[in-house]
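Just so we're on the same page: letters track the sequence lines, and every chain starts at 1. In this text, all values refer to a predicted model and were calculated from it rather than measured experimentally.
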Amino acid sequence: MHKKPLADDRDARLLIQERERALKWKKMFDKWDKYSRSDKLRKRIYKGIPDSIRGTVWKMLLDIDMIPNKTRIYEEYRAQARLNSPDIRQIDLDVNRTYRDHIMFRDRYSTKQQDLFHVLAAYSMYNQEVGYCQGMSGIAALLLMYLNEEDAFWALSVLITSSKKHSMHGFFIPGFPKLKRFQDHHEAILKKFAPKLFKHLEKEGVYTSLYTLKWFMQCFLDRTPFPLTLRVWDVFLLEGDKTLTAMAYNLMKIHKKKFVKQPMEDVVEFLQERMSDYPYNLDHMMELLQESRFELKKGGLESPPPPSDNEFPTVAPGSSLRRGVYETASARARKNREKTKIIQVPPGKQVLPPSPVSETDGKEANRHSVTRSTSSRRSETSGLSSDSNVRRSESLGRSSRSVGNHSENGANLSESSGKYSENVERSFESVGMPSENVGRRSERRSERQSESSGNRPQFSEVRYVSPEASVKNDDETRYHMRVEEPHFPSLRVDEAAHHPSSTPTDEPHSPPRVGASLSNAEIAKFNQDLKNSYHRSQQQFLRSDRRQNGSRSVPLEKMSSPPSRLSDSEPNDVRGSTEPGTMVINLPGSVNIERSYGTGGSHPEVRTPNGTSALGHAPVWHHDGPEGSKQYTLTQSPNRQMTFV
Amino acid sequence: MDQNQNCHKNNEFLFKVLIIGDVAVGKSSIMKRFAENVFDRKYGSTIGVDFKTKKLKLGGKAVKLQIWDTAGHERFRSITSAFYRGAHGIVLVYDVTRMETFTNIPKWLQELDLQDYNCTVKILFGNKSDLSSERDVPRETAFKYADSNNMFLFETSAKTGNSVNEAFEHLVSRMLVAFHEAESTATKPILSGDLSTCILSEQEKIIAGSGCSC
C-alpha cells in the first residue's frame with residue numbers, strides 16, 4: 001500500500017505548508033457551525049486535509065459527536081456480536097488479511113486488528129441487513145487509521161446508512177443494487193463523453209463491472225495510490241457519492257488515450273494493479289476531479305438516477321437492540337399478573353441488559369434495568385469463574401438470599417436470573433469463548449448498566465436537550481462515570497445481600513429489592529435512594545481519590561468513553577485471575593480456530609488526545625499515522641501508565 | 001497490441017481459466033504464484049473479480065491463459081457467476097487445513113452446473129499443503145473424491161510454489177486434449193459451443209480488425 005510513503009518524501013516546504021494549513025483548520029474548528037456548509041471548507045478539503053488532523057475533520061464531517069448514547073450503544077453491540085454475529089468467522093478471516101502491510105495492522109491480533117474485528121463484528125449486529133460484506137473491512141481499516149474504535153464504528157454506520165449522500169447500504173447488501181445503478185451510470189457517462197473508449201472497451205470485453213466494483217464499493221481504496229485515495233476520501237466524506245461517479249470518469253478520462261490502443265489484458269492489468277502505483281500529481285488530480293464533476297454536471301450526468309427503495313434498510317439499523325426489547329416478556333407477565341410465571345429471556349438476546357431508561361417509559365424501564373443489572377451481575381459472577389458450575393450455584397444462592405428478603409417474587413427472580421446466567425453461559429459456550437473473557441465483558445457492561453440504571457436519567461435528560469450541550473455534558477458524565485468505577489468491586493452484591501436494609505452507601509445498585517411487582521411509589525423511592533447514594537458516592541470517591549491517588553484522575557480531555565478499565569488496578573479477585581489470553585472460537589459446524597482477540601471486555605479505553613485508541617502497546621506511529629510526529633507511549637495493565645510525548 | 005500473438009496466431013491457444021472456491025483458501029495466491037511466481041503474504045480479500053494473463057509453452061504449443069480469480073464470499077456469487085461464461089478450465093480450490101472448504105466443493109460444482117458449463121475441464125487444488133501439521137482433509141479422502149468425480153487433484157502450496165505449475169500444466173494439457181477432441185468430433189454436441197472459440201486466431205481476427213498491423 002505504501003509504496004510511496006506519505007510524509008518521508010515530502011520536502012520541508014511542504015511540511016511547513018501542511019503545518020500552516022493545520023493551524024488554519026484548527027481555527028476553523030472553533031467556528032465549525034459557521035464553516036460547515038461554507039465554500040471555504042470545500043476549497044480546503046479539495047486542497048487536502050492535513051494528515052495530522054484528518055481524523056478530527058472526518059469526525060466532524062460525519063457529525064459523529066452528535067450521535068446520542070454512542071458509547072453505550074456501541075458497547076452493547078460489540079458485546080452482542082461476540083456471541084451472536086453469524087459473520088464472525090468471515091470477519092476474522094478478513095481481518096487477518098486487511099492492510100497487513102500497514103504498520104497498524106501488521107501484527108496479528110494487534111490492538112488495531114482487534115479494533116477492526118470489533119468494529120466489523122459490532123456493525124454486523126447493528127445493521128443485520130448488511131451484516132458483513134467483504135470490502136467493509138478495508139473501509140473500517142481506513143477509518144481506524146484516523147479514528148478510534150468507537151468513532152470508526154459510528155463513521156462506518158454514518159457512511160452506510162445515516163448519511164443520505166453516502167448511503168453505502170446499497171453497495172453492500174446482497175444483490176448490490178446501488179452498485180449496479182452506479183455501474184450503469186458509469187457506462188452511460190462513458191457512452192456520452194468518451195464514446196470511442198467505450199466502444200473499444202466493450203469490444204475488448206472490459207466491462208464496467210470488472211473494474212468499477214472496488215472503485216465504488218470502497219471509494220477507490222487499493223486501486224489508486226494511497227495518498228490519492230485519502231484525498232478522494234476527504235472529498236467523498238464531504239460530498240458523498242457524486243465523488244465516486246466523478247472520480248471514475250476522471251480516471252477513465254485521464255487514461256483514455258492509452259486505453260484506446262490497448263487490448264483487454266493490458267487495460268485490466270493497468271486498472272487492477274498498475275494504477276495503484278501510477279505517479280499522479282495529487283493536487284492536479286483534485287483539480288481534474290473538480291473539472292470532471294463540472295463537466296458531468298453540465299451534461300446532466302452528475303449523479304445516477306434516483307435510488308429505488310431496495311437500496312435502503314427496511315428496518316432501522318440498531319433496532320434489534322431497541323430499548324424495551326427485553327421488557328416485553330416480563331412486562332407481559334406483569335400485565336397478566338402471572339406472578340409465578342418464570343420470566344423468559346428471549347433466546348439470542350440474553351446477553352444484553354436492556355437499556356436502562358427510555359424516554360417514554362422511564363419508570364418501567366428503570367425498574368427492569370435494575371433487575372436486569374443485578375441479575376447480569378450475578379450471571380457475571382458465574383461467567384467469570386473457570387469452575388463455573390460451582391460459582392453459578394453460589395451466585396444463585398446469593399441471589400435468592402438477597403431477593404428473598406424483599407420481594408414476594410424472590411423465588412421467581414432468582415430462578416430467572418439463574419436461567420439468565422445459564423443462558424449466558426450457554427451462549428458463551430456456543431461461541432466457545434472462554435468464560436473469563438465474557439465475564440469481564442458482562443461485568444463491565446453491568447457496571448455501565450448499573451451506572452445508567454439509577455443515574456442515567458439525570459444525564460440523559462441533559463444530553464438530549466441540544467447537541468451542543470451534549471458534548472459538554474458528555475465529558476462531565478464520563479468523568480463521573482470514570483471516577484465512580486473503582487467503587488464497584490464484585491463483592492458488593494454479597495454485602496448488599498447481607499445488609500439489605502442499610503442505606504446504600506456508595507453504590508448505585510442497591511440490594512436487588514426490585515421484583516416484578518413493585519408499586520410506583522416504591523419505585524420512585526428506590527430511584528430517589530439511588531440518586532442520593534450516587535451523589536454521596538461520587539463525593540466520597542472524589543475526596544478519597546484526591547487524597548489517595550492523583551494519577552487516577554489523569555486528565556483525558558477528549559475521552560470519548562468511560563474508561564472503565566481504570567479499575568483494573570483494583571485488587572479484584574475475579575479480574576486478577578483473568579489474563580488476556582488465547583481464545584478458541586468454536587463456531588457451530590466449523591473447525592476450531594485458535595484466536596486471541598484479546599478479551600472482549602478488557603479492551604482498554606484510554607484515548608489519546610486526538611481520540612485515537614492507543615492502549616495495549618507502546619505504539620510508535622507510522623510516519624503517515626494520524627499522530628503526525630507525535631508519539632504516545634502507553635503501557636498496558638495492570639499498572640497502566642500513559643506518557644504523552 | 002502484442003505483435004507476437006499475431007505472428008504465432010496459428011499455433012497459439014487462448015484459454016479462459018476460472019479459479020473458484022471458498023473464502024480464504026488461497027485462490028488469489030495461487031493465481032499470483034502461477035502468473036508471477038511470487039507469494040504475497042499480505043494479499044487482501046478479492047472483491048469481485050481479478051484477472052491476470054500467463055503465457056506458457058506446452059508440447060510445442062504456445063498457450064495463453066486468461067486467469068480469472070473470483071471472490072469466494074457468498075454475497076459476490078451473483079457478480080462472479082457472470083464471469084463463468086465461456087470458461088475452458090475451472091480450478092476448484094479448497095484448503096487442506098479446513099475441512100469445510102473441502103466439503104463445499106460439491107456446492108461449487110453445483111454452482112457450475114447451474115451455469116451450464118459442466119463441459120469444461122475441471123481440476124481440484126488442495127491448497128496450503130505446506131501446513132502439514134494443520135492438515136484437516138486427509139489426502140486419501142480427497143483423492144477418492146476427485147477420482148469419483150472425474151477430476152484430477154493436486155495438493156498445492158501457493159506459499160512454497162509446490163506443484164502449482166505442474167497442476168496448471170496438467171490443466172492446460174487436458175484443455176488441449178479436450179479442444180482436439182472437440183475439433184475432431186466437431187459435431188458432437190457435448191463440446192460444440194465454447195471450445196471452438198478457444199483458438200486465439202479466431203479472436204485475433206476480430207482484434208486485427210481494429211487496426212493492428214503485424
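- Residue-level contacts of residues 16-26 of chain B with chain A, in order of numbering, are B/V23, B/A24; threshold 4.5 Å between heavy atoms.
- Of the atoms belonging to A/I173, it is backbone heavy atoms, and not side-chain ones, that fall under 4.5 Å from chain B.
- Only the side chain of A/F176 comes within contact range of chain B, with at least one heavy atom under 4.5 Å from a heavy atom of that chain.
- You'll find the side chain of A/E265 reaches within 4.5 Å of the side chain of B/Q66, heavy atoms only.
- Shortest non-hydrogen contact noted between B/H73 and A/C133 is CE1-CA, 3.6 Å.
- For B/K54, the NZ atom sits in a packed shell: over 12 heavy atoms of surrounding residues, nucleotides or ligands are nearer than 6.0 Å.
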Please tabulate, one pair per line, all N/O donor-acceptor pairs under 3.5 Å involving side-chain atoms of residues 137-146 of chain B, not counting sequence neighbours.
residue: B/R139; atom: NE; partner: B/E155; partner atom: OE1; Å: 3.2
residue: B/R139; atom: NH2; partner: B/E155; partner atom: OE1; Å: 3.4

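- Both the backbone and the side chain of B/S45 come within contact range of chain A, judged by heavy atoms closer than 4.5 Å.
- Contact check for B/W68 versus A/L210: side-chain heavy atoms found under the 4.5 Å cut-off.
- Around OH of A/Y207, the count of heavy atoms belonging to other residues, nucleotides or ligands within 6.0 Å does not exceed 12.
- In this structure, the portions of B/F76 lying under 4.5 Å from any heavy atom of chain A include both its backbone and its side chain.
- Open room surrounds NZ on B/K57; 12 or fewer heavy atoms of other groups in view lie less than 6.0 Å from it.
- Going from atom OH of A/Y211 over to atom CZ of B/F51 covers 14.5 Å, rounded to the nearest 0.5 Å.
- Atom OG in B/S28 sits 7.0 Å away from atom CZ in A/R97 (nearest 0.5 Å).
- By the 4.0 Å N-to-carboxylate-O rule, A/R89 lies close enough to B/E100 to be salt-bridged with it.
- Checked against salt bridge (Lys or Arg N to Asp or Glu O under 4.0 Å), A/K214 has the following partners two or more places apart in sequence or in another chain: A/D222.
- Within the 4.5 Å cutoff, no side-chain heavy atoms of A/Q272 are placed close to those of B/V49.
- Annotation: side chain to side chain contact (heavy atoms under 4.5 Å, CB included) contacts of A/A81 (sequence neighbours excluded): A/S85, A/A121, A/M125.
- Within the 4.5 Å cutoff, the side chain of A/R223 has no heavy atoms near those of the B/I47 side chain.
- Atom OG1 of B/T46 is separated from atom CG of A/L213 by 11.0 Å, given to the nearest 0.5 angstrom.
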